[in-house]
Amino acid sequence: MTQEKGFPVDQLLSWYDCERRVLPWRAMPGEQPDPYHVWVSEVMLQQTVVKTVIPYFLTFIRQWPRVVDLSEAPIRDVLASWAGLGYYARARNMHACALSVCDQFGALFPESSSALLSLPGIGLYTMAAIRAIAYGHQIVPVDSNIERITVRYHAIETPLPSVKQEVHELAQGFLPCSRPGDLAQALMDLGAMVCTPRNPSCASCPLQSGCAAWSRSLTTTIPHKKAKKRRSVLYASVFWLESSKGVLVRSRPNKGLLGGMTEFPSGAWVEKTLFRSGEQDAPVRAEWSRLPGHVYHKFTHFDLIIEVWRAKTDIDVKFSEKSSKACSRFVCKEALEFEALPSVMRKIVAHAFSCEPNFLSGG
DNA sequence: CAAGCGTGGAA
DNA sequence: TTTCCAAGCTT
């Protein structure tokens, strides 16, 4: 392993020791943190900003202090703890991963690339991050931050992802380093605070002396951005059914959008041209009334516009015995907050509660 | 390999 | 307002 000439690794680490953010999953510089904490934080941080992750991480670690605790938890509890964080396959994979770590590796996270990659939800990035940060191995995890830093440092004008493999190899050229875990975190902090996607702060960058994009005035044109894709708009009716036991909810299928999460019954989510406003998709026959207004939500690939229908029922208990409604159940309003309700469904709750006075007076 | 998969904050 | 996008993984 040969470090490329001129890479100012000492300046980078000095910058990190001075500027680094204090985060609950981080050890002091040069010390090695709990691999379980590293894993939980790295998965939570996938496509998610630090500020969002912090409260979830603290709750999660307090609830399940060790990987064996997580492995013994009901998946429903894990999803409830993840509610609002998004990309819920991460939570399902984490639970499966915890079981594998306990079954196959004696509740200790493995150190080898192949073993780590065999675990659910651990890909190339997370594997390398665990090896570098938790175990101090000589490896650079390549996330979007380090990818951006690398293409700028080497002034690579070829658009990603065709050059992804080359970028990954060039990033390894930042090694060897006496503190591989701190190097990884220093690069990610640099990407978040200095070498930002837009308007990078090159004047205060500890890598400026070796940066090809800086010396060639290419910092604002690299990296080249990819083509944008069109978003679609879908429409849905959602049904808020109250009984003496609470509000009717059900669990979504374990795969796909919001997999395994709790939802209020709804009809199909369709294009406006296929959408018919009304209660024809309702879970039961009842006196449905439509709440005023809509609930709006943006997913990654489409916007969702929801109308909410509400009714009361007496049919409490028998619901769970009907095969087609096998995963349906009533939840009292006070317990809704503990359900695995994703953000879009919490908007439904807020909307229904905001209309509550209307409902009571109507009987 | 491109698409699917959440959410909220910044510009 | 709209667009971008943030410590990616899976299929």
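We use all heavy atoms of the structure for the numbers below, so side chains are in, but hydrogens, waters and symmetry mates are not.
Two rings, from A/Trp82 and A/Tyr56, have their centers 6.0 Å or more apart.
In this structure, A/Asp303 atom CG and C/dT1 atom P are separated by 13 Å, rounded to whole Å. Taking atom CD of A/Glu42 as the reference point, atom C1' of C/dA6 lies 13 Å away to the nearest angstrom. If you take CD1 of A/Ile146 and C1' of C/dG8, they are 13 Å apart, rounded to a whole angstrom. Taking atom CE of A/Met44 as the reference point, atom C1' of C/dG8 lies 15 Å away to the nearest angstrom. Computed from coordinates, the A/His301 NE2 to B/dG4 C1' distance equals 5 Å when rounded to whole Å. Here the C1' atom of nucleotide B/dC5 and the CG atom of A/Leu304 are 15 Å apart, to the nearest Å. Rounded to a whole Å, the CH2 atom of A/Trp82 is 13 Å from the C1' atom of B/dC5. The separation between A/Tyr125 atom OH and C/dA6 atom C1' is 11 Å, rounded to whole Å.
Comparing the P positions of B/dA3 and C/dC4 gives a spacing of 16 Å, expressed to the nearest Å. With both ends at atom P, the span from C/dT3 to B/dG6 equals 22 Å, rounded to whole Å. Atom name P, nucleotides C/dC9 and B/dG8: the rounded distance is 22 Å, in whole Å.
A/Glu279 and A/Ser237 share no donor-acceptor pair across their side chains, judged by distance under 3.5 Å alone. Side chain to side chain, A/Ser113 and A/Arg131 meet the donor-acceptor criterion of an N or O pair below 3.5 Å.
Although no hydrogens or angles enter the test, the distance criterion places a donor-acceptor pair under 3.5 Å between the side chain of A/Arg92 and the main chain of A/Gly259. Remark: side-chain polar atoms of A/Thr48 are not paired, donor with acceptor, to backbone N or O of A/Leu45 under 3.5 angstrom.
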Only pairs under 3.5 Å count here: list side-chain donor-acceptor contacts from residues 199-218 of chain A, not counting sequence neighbours, and write none if there are none.
residue, atom, partner, partner atom, Å
A/Ser204, OG, A/Ser201, O, 3.3
A/Gln208, NE2, A/Cys202, O, 3.0
A/Ser215, OG, A/Ala212, O, 3.0

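Looking at heavy-atom distances under 4.0 Å, A/Val50 makes contact with a base. Contact annotation for A/Arg346: no contact, since no heavy-atom pair falls under 4.0 Å across all strands. Base contact: A/Leu23 has a heavy atom under 4.0 Å from a base atom. Here A/Pro141 lies out of heavy-atom contact (under 4.0 Å) with every strand. As judged by a 4.0 angstrom heavy-atom cut-off over every strand, A/Trp39 is placed among residues making no nucleic acid contact. Among the protein residues, A/Ser41 comes within range of no part of the nucleic acid, since none of its heavy atoms lies under 4.0 Å from any strand.
Cation-pi contact between A/Arg290 and A/Trp240: absent, since separation from the ring centre below 6.0 Å together with deviation from the ring axis within 45° is not met.
Looking at which nucleotide of DNA chain C each of A/Lys255 and A/Ile133 is closest to, the 5′-most match is held by A/Ile133.
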Starting at the 5' end of nucleotides 6-11 of chain B, put B wherever the base has a protein heavy atom under 4.0 Å, S where only the sugar-phosphate does, and a dash everywhere else.
-> BBS---
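Considering only heavy atoms from C-beta on, A/His297 comes within 4.5 Å of A/Lys347 through its side chain.
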